[in-house]
Peer 1: 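Sending over a structure as structure tokens; questions will come in a sec.
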Amino acid sequence: MTQITADPSFAHETRSVERFMNRATTDLPELVRSVVDSHRHLRGPLLVVLREIQDRLGYIDPDVVPLVAAELNLSRADVHGVVTFYRDFRSEPPGRKTLRICRAEACQAMGSELLVNALEQALGIKVGQTTTDGSTTLDQVFCLGNCALGPAAQIDGRLYGRLDRDQVIDIVRTGRS
């Protein structure tokens with residue numbers, strides 16, 4: 001197994017769930033207003049605004065959509081369309097551990113589907129879901145840029161290559177990443 005340090009530009013992927021704001025105590029209108037105000041000077045700030053909100057909350061709460069739409073003078077459909085179009089936006093809280101398995105052609109050729117099947121079986125969930133205890137989210141990505149070291153996965157923001165079934169299951173079970 002090869003571990004590769006994640007690119008700092010993907011810092012949002014490495015955030016621990018404990019570092020997210022508590023949704024129950026967060027004033028959403030104030031949060032949205034603050035984020036929008038800090039990016040209002042940008043042309044077409046929707047993506048940047050949504051990214052920052054997700055960085056703070058861990059996901060895009062559905063209650064945020066109409067607030068962002070009103071603040072940016074967009075329709076709810078426009079904001080909802082962006083949230084649902086881009087796979088990096090999530091509308092449910094992520095698990096405490098996030099696994100992203102590469103399913104691009106190079107990783108498929110090296111056995112990524114075996115990893116996906118093993119993880120789905122071990123976790124009792126399908127790709128795109130979070131375990132009922134909130135411990136783990138299993139996602140797919142269609143290239144991590146680690147093709148020479150496939151199959152690859154990103155686990156809590158750390159990039160791994162040359163993974164096999166036993167290694168990825170061990171990482172999930174021991175919490176080692």
Side-chain angles (χ1 to χ4, degrees), residues 6-105 107 112 115-116 119-120 123-146 152-159 172 177:
D7 181 331
S9 66
F10 293 105
H12 62 275
E13 295 295 338
T14 62
R15 274 196 164 185
S16 165
V17 172
E18 288 75 29
R19 295 185 62 192
F20 295 137
M21 298 174 86
N22 183 334
R23 167 58 181 98
T25 61
T26 301
D27 180 4
L28 285 183
E30 180 56 36
L31 170 68
V32 169
R33 206 170 302 112
S34 168
V35 171
V36 169
D37 285 347
S38 68
H39 299 293
R40 197 177 297 278
H41 67 282
L42 299 173
R43 184 175 177 182
L46 180 58
L47 286 173
V48 176
V49 166
L50 291 173
R51 171 57 68 199
E52 186 170 334
I53 290 169
Q54 180 164 288
D55 283 349
R56 291 188 186 190
L57 292 177
Y59 67 109
I60 304 295
D61 188 299
D63 294 339
V64 163
V65 172
L67 299 170
V68 170
E71 286 291 325
L72 293 176
N73 196 27
L74 298 169
S75 72
R76 290 180 185 184
D78 286 337
V79 177
H80 176 77
V82 169
V83 170
T84 57
F85 177 79
Y86 291 103
R87 291 195 57 79
D88 280 346
F89 290 125
R90 59 177 70 249
S91 48
E92 294 180 359
R96 291 181 297 280
K97 178 177 286 304
T98 301
L99 305 158
R100 295 175 50 174
I101 306 298
C102 180
R103 295 180 93 175
E105 290 80 2
C107 285
S112 68
L115 297 181
V116 170
L119 285 166
E120 286 180 341
L123 297 169
I125 58 174
K126 296 288 185 190
V127 169
Q129 296 179 333
T130 300
T131 56
T132 55
D133 66 358
S135 66
T136 307
T137 297
L138 178 60
D139 282 329
Q140 64 185 355
V141 64
F142 288 95
C143 191
L144 289 168
N146 199 27
Q154 188 178 47
I155 304 170
D156 289 338
R158 286 188 156 163
L159 187 58
V172 172
S177 66

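Being a predicted model, the structure only gives us computed values, none of them experimental.
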Peer 1: Using a strict cut-off of less than 4.0 Å between a Lys/Arg side-chain nitrogen and an Asp/Glu carboxylate oxygen, indicate whether D156 and K97 qualify as a salt bridge.
Peer 2: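 Salt bridge present between D156 and K97.
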
Peer 1: Going from CD on Q140 to CG on L99, what distance comes out if it is rounded to the nearest 0.5 angstrom?
Peer 2: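 Q140 CD to L99 CG: 13.0 Å, rounded to 0.5 Å.
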
Peer 1: Please find the pair of heavy atoms, one from F142 and one from A104, that lie closest to each other, and give the distance.
Peer 2: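 That would be O-CB, 3.2 Å.
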
Peer 1: Mind checking whether I60 and V79 have side chains closer than 4.5 Å, heavy atoms only?
Peer 2: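 A side-chain contact under 4.5 Å is absent here.
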
Peer 1: In the structure I gave you, are the side-chain heavy atoms of E71 and V49 within less than 4.5 Å of one another anywhere?
Peer 2: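 The answer is no, as the side chains (C-beta and beyond) never meet within the 4.5 Å cut-off.
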
Peer 1: What distance separates S34 OG from D27 CG, expressed to the nearest 0.5 Å?
Peer 2: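 One gets 10.5 Å once the value is rounded to the nearest 0.5 Å.
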
Peer 1: Evaluate the side-chain proximity of Y86 to L47: yes if any heavy-atom separation is below 4.5 Å, no if none is.
Peer 2: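 Side-chain contact under 4.5 Å: yes.
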
Peer 1: Considering all heavy atoms of both residues, which atom of C102 and which atom of C143 are nearest to each other, and what is their separation?
Peer 2: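 Residues C102 and C143, closest heavy atoms: SG-CA, 3.8 Å.
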
Peer 1: Please report the shortest heavy-atom distance between T84 and G81, naming the atom on each side.
Peer 2: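 That closest heavy-atom pairing would be OG1-O, 3.4 Å.
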
Peer 1: Taking atom CG of D133 as the centre, does the number of heavy atoms from other residues, nucleotides or ligands within less than 6.0 Å exceed 12?
Peer 2: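 More than 12 within 6.0 Å, yes.
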
Peer 1: Using side-chain contact (heavy atoms from CB on, under 4.5 Å), reason through V68 and L74 one step at a time and then give a plain yes or no.
Peer 2: CA-CA 8 Å; V68 170; L74 298 169; 5.6 Å; no

Peer 1: For R40, does the CZ atom have more than 12 heavy-atom neighbours from other residues, nucleotides or ligands under 6.0 Å away?
Peer 2: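 Buried by this count: over 12 neighbours within 6.0 Å.
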
Peer 1: side-chain contact (heavy atoms from CB on, under 4.5 Å), that's the test. Do V83 and V64 meet it? Break it down for me.
Peer 2: CA-CA 11 Å; V83 170; V64 163; over 6 Å; no

Peer 1: Heavy atoms only: give me the nearest V82-F89 pair and the separation to one decimal.
Peer 2: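 Taking every non-hydrogen atom into account, O-CD1, 3.9 Å.
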
Peer 1: Is there a side-chain contact between Q154 and V141 in this structure, where contact means two heavy atoms from C-beta onward sitting under 4.5 Å apart?
Peer 2: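 They are not in side-chain contact.
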
Peer 1: What's the shortest heavy-atom distance between P93 and T130, and which atoms?
Peer 2: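 In this case the closest contact between P93 and T130 is O-OG1, 4.1 Å.
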
Peer 1: OG of S135 to CG of L123: how many Å apart, nearest 0.5 Å?
Peer 2: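 Here the interatomic distance stands at 7.0 Å.
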
Peer 1: With a sphere of 6.0 Å drawn around NE2 of H39, does it hold more than 12 non-hydrogen atoms of other residues, nucleotides or ligands?
Peer 2: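 It does: H39 NE2 has more than 12 such atoms within range.
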
Peer 1: Rounded to the nearest 0.5 Å, what separates atom CG in L31 from atom CD in E52?
Peer 2: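 Going from the CG atom of L31 to the CD atom of E52 covers 8.0 Å.
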
Peer 1: Rounded to the nearest 0.5 Å, what separates atom CD in E92 from atom OG1 in T137?
Peer 2: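 Taking CD in E92 and OG1 in T137, the distance rounds to 9.0 Å.
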
Peer 1: Which heavy-atom pair separates R76 from V65 by the least distance, and what is that distance?
Peer 2: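 What the structure gives for the nearest pair is O-CG1, 3.7 Å.
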
Peer 1: Can you tell me how far apart CG (D61) and CD (Q54) are? Round to the nearest 0.5 Å.
Peer 2: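 Going from the CG atom of D61 to the CD atom of Q54 covers 11.5 Å.
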
Peer 1: Just wondering, are more than 12 heavy atoms of other shown residues or ligands nearer than 6.0 Å to CZ in F85?
Peer 2: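 Count not over threshold, so no.
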
